[in-house]
**Student:** 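This is the structure I have questions about; it appears just below.
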2 protein chains.
Amino acid sequence: MRQSREAKAVTHQAIVAAAARQFRERGIEGTSVGDVMRAANRTHGGFYRHFDSKEDLLVAALGRAFAEMLEVVDRGLSEVPAEQALGSFMRSYTAPERVEDVAGSCPVAALSNDVLRSTEVVQAEFGRGVRAMIRSLAEHLDGPEAEREARAARTFAMAAGAVMIARASDPETAERVLRAVRDEAASLASPPSRTMA
Amino acid sequence: MRQSREAKAVTHQAIVAAAARQFRERGIEGTSVGDVMRAANRTHGGFYRHFDSKEDLLVAALGRAFAEMLEVVDRGLSEVPAEQALGSFMRSYTAPERVEDVAGSCPVAALSNDVLRSTEVVQAEFGRGVRAMIRSLAEHLDGPEAEREARAARTFAMAAGAVMIARASDPETAERVLRAVRDEAASLASPPSRTMA
DNA sequence: AAATTAAGATGATATACGTCATCTTATGTA
DNA sequence: TACATAAGATGACGTATATCATCTTAATTT
């Protein structure tokens with residue numbers, strides 16, 4: 001049964017939303033087109049009216065997941081003074097609710113290893129998201145332009161790394177690693193802070 | 001045709017070695033028992049004389065991959081003064097050859113997202129490897145005990161995070177992120193260094 | 001209002017994978 | 001030396017998946 005343009009757009013968004021969650025939750029290979037369509041309350045056959053392939057869907061899902069994440073980060077940092085931005089980011093990125101909510105979390109922490117093994121098209125979209133993330137973080141800092149981006153990139157790498165390690169480890173190990181980077185967050189509260197050394 | 005105990009042990013090691021590389025290269029779902037056995041120059045049927053399941057093999061492969069990595073790290077840091085240990089580790093962990101060699105690299109950078117979605121048994125083994133890694137790094141530092149481990153954990157998280165992001169991104173984005181953390185490595189050369197702030 | 005188009009459902013195809021029963025044959029044991 | 005055992009090979013089973021042809025039916029278009 002044919003549906004209207006608007007109905008199709010709604011379906012399209014429902015598919016992307018379901019995919020964005022499932023890819024993060026179950027990984028790329030662990031996510032089937034059929035399951036995504038079921039989660040979107042559709043049958044699997046209609047899928048190819050919206051996307052050329054699973055890869056095509058993945059690109060759209062990544063775009064959406066990064067957009068969600070950027071909004072959360074931007075909102076979270078908008079009220080925070082520049083000196084506390086990195087510490088604040090680190091604390092919220094490594095917060096227990098965030099670590100546990102894989103399906104709704106940062107695509108970098110949920111899908112890096114999957115995207116590594118994916119196509120260039122997917123990696124290009126991923127890279128776009130990473131740059132947007134770093135830029136957004138850097139905009140909330142002060143100091144010389146080049147330095148800000150480097151600091152943002154380092155903090156982002158540390159936060160994402162810690163969350164990935166924590167999620168893949170047993171609870172005690174996870175807690176140890178998260179505690180270590182949260183302590184860093186505390187010292188990042190007042191600049192110029194000192195870190196790993 | 002039946003084989004001797006020694007021959008079986010050789011086969012066992014060949015399977016684990018092949019698996020350790022394939023899991024890192026292709027991920028957990030991307031690695032099939034059949035492919036592993038083929039890479040080990042065996043047929044798929046003999047597999048279950050050595051392991052109860054694919055998960056069982058994964059645990060063994062993780063153990064081996066971590067052991068390899070620990071040896072490399074230990075050897076690399078044995079000649080380096082304590083003040084330069086973190087910087088040296090960071091530089092070698094993010095070196096281009098290391099980043100490119102997924103199959104022979106650190107299990108954390110290659111498999112975190114896969115292990116996240118695996119069983120508790122696998123996560124326990126992964127956690128063991130992570131702790132061993134952090135302990136090994138911490139042993140090459142100086143300063144109070146508790147502090148050393150935290151610094152080691154932070155540096156490890158940052159290095160692994162950067163490599164995972166770099167591998168999943170397009171080349172330009174990858175280079176930007178790696179450069180940012182390598183600059184950190186330079187400042188880590190002389191303690192007490194300052195970092196992200 | 002008639003003709004055309006396309007959204008979504010159904011069903012099928014081709015492929016791949018984990019696992020195991022069974023067979024062969026050489027090893028280790030008595 | 002003869003028997004029991006088990007390593008590895010072969011082949012099969014059940015299941016799951018991406019993709020697409022086809023069908024139905026409602027929405028556009030003329």
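Everything numeric in this text was worked out from a predicted model, so none of it was measured. Just so it is clear, the values below take in all heavy atoms, side chains as well, and ignore hydrogens, waters and symmetry mates.
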**Student:** Angle class for the B:His50/B:His12 ring planes (parallel below 30°, perpendicular above 60°, tilted otherwise)?
**Tutor:**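 Geometry flag for B:His12 against B:His50: tilted rings.
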**Student:** A:His50 side chain: which of C:dG8, D:dA27, C:dT19 is closest?
**Tutor:**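 Of the options given, the side chain of A:His50 lies nearest C:dG8.
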**Student:** Looking at D:dT22, D:dT19, D:dT10, which one has an atom nearest to any side-chain atom of B:Thr43?
**Tutor:**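 So the nucleotide nearest the side chain must be D:dT10.
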**Student:** When the nearest nucleotide of DNA chain C is assigned to B:Glu6 and to B:Arg49 on a heavy-atom basis, which residue is associated with the more 5' position?
**Tutor:**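 Closest to the 5' end, via its nearest nucleotide, is B:Arg49.
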**Student:** Select base, sugar-phosphate, or nothing to describe what A:Ser32 touches, counting heavy atoms under 4.0 Å on all strands.
**Tutor:**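 Sugar-phosphate, no base atom in range.
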**Student:** Rounded to whole Å, how long is the line connecting atom CZ of B:Phe51 with atom P of D:dG8?
**Tutor:**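 The distance from CZ of B:Phe51 to P of D:dG8 comes to 11 Å, rounded to the nearest Å.
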**Student:** What nucleotide among C:dA9, D:dA18, C:dT29 has an atom nearest to a side-chain atom of A:Arg42?
**Tutor:**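 Selected nucleotide (nearest to the side chain): C:dA9.
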**Student:** Can you find a pair of side-chain heavy atoms, one from B:Arg135 and one from B:Leu70, that are under 4.5 Å apart?
**Tutor:**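 Heavy-atom side-chain distance check fails, nothing below 4.5 Å.
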**Student:** Given C:dT29, C:dT19, D:dT29, identify the nucleotide with an atom nearest to the side chain of B:Tyr48.
**Tutor:**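 Shortest atom-to-atom distance from the side chain points to C:dT19.
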**Student:** Look at the side chain of A:Gln3 and decide which nucleotide, out of D:dA9, C:dC17, C:dA7, has an atom nearest to it.
**Tutor:**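 Closest nucleotide to the A:Gln3 side chain: C:dA7.
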**Student:** Write down the distance between CZ (B:Arg5) and C1' (D:dG8), rounded to a whole number of angstrom.
**Tutor:**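 Nearest whole value for this atom pair: 16 Å.
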**Student:** Answer with yes or no whether A:Arg2 presents, from its side chain, a donor or acceptor under 3.5 Å of a partner atom in the base of D:dA27.
**Tutor:**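 A donor-acceptor contact between them is present.
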**Student:** Taking atom P of D:dC20 as reference, at what distance in whole Å does atom CE of A:Met37 sit?
**Tutor:**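 From A:Met37 CE to D:dC20 P: 15 Å.
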**Student:** Ignoring the backbone of B:Lys8, work out which of D:dG8, C:dG28, D:dT19 is nearest its side chain.
**Tutor:**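 Selected nucleotide: D:dG8.
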**Student:** For the residue pair B:Arg98 and B:Val72, what are the closest heavy atoms and their distance?
**Tutor:**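 For B:Arg98 and B:Val72, the tightest heavy-atom pair comes out as NH2-CG1, 3.4 Å.
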**Student:** What is the separation between atom NE2 on B:His12 and atom P on D:dA6, rounded to the nearest whole Å?
**Tutor:**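 Going from B:His12 (NE2) to D:dA6 (P), I get 17 Å.
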**Student:** Among A:Lys54, A:Arg26, A:Arg42, which residue satisfies the salt bridge (charged side-chain N to carboxylate O under 4.0 Å, His left out) criterion with A:Asp35?
**Tutor:**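 The single option meeting the salt bridge (charged side-chain N to carboxylate O under 4.0 Å, His left out) with A:Asp35 is A:Arg26.
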**Student:** I need the A:Arg49 CZ to A:Thr11 OG1 distance, nearest 0.5 Å.
**Tutor:**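 The OG1 atom of A:Thr11 is 13.0 Å from CZ of A:Arg49, to the nearest 0.5 Å.
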**Student:** Give a yes or no on whether a donor-acceptor pair under 3.5 Å exists between the nucleobase atoms of C:dG11, that is its base, and the side chain of A:His44.
**Tutor:**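 Donor-acceptor pair under 3.5 Å: yes.
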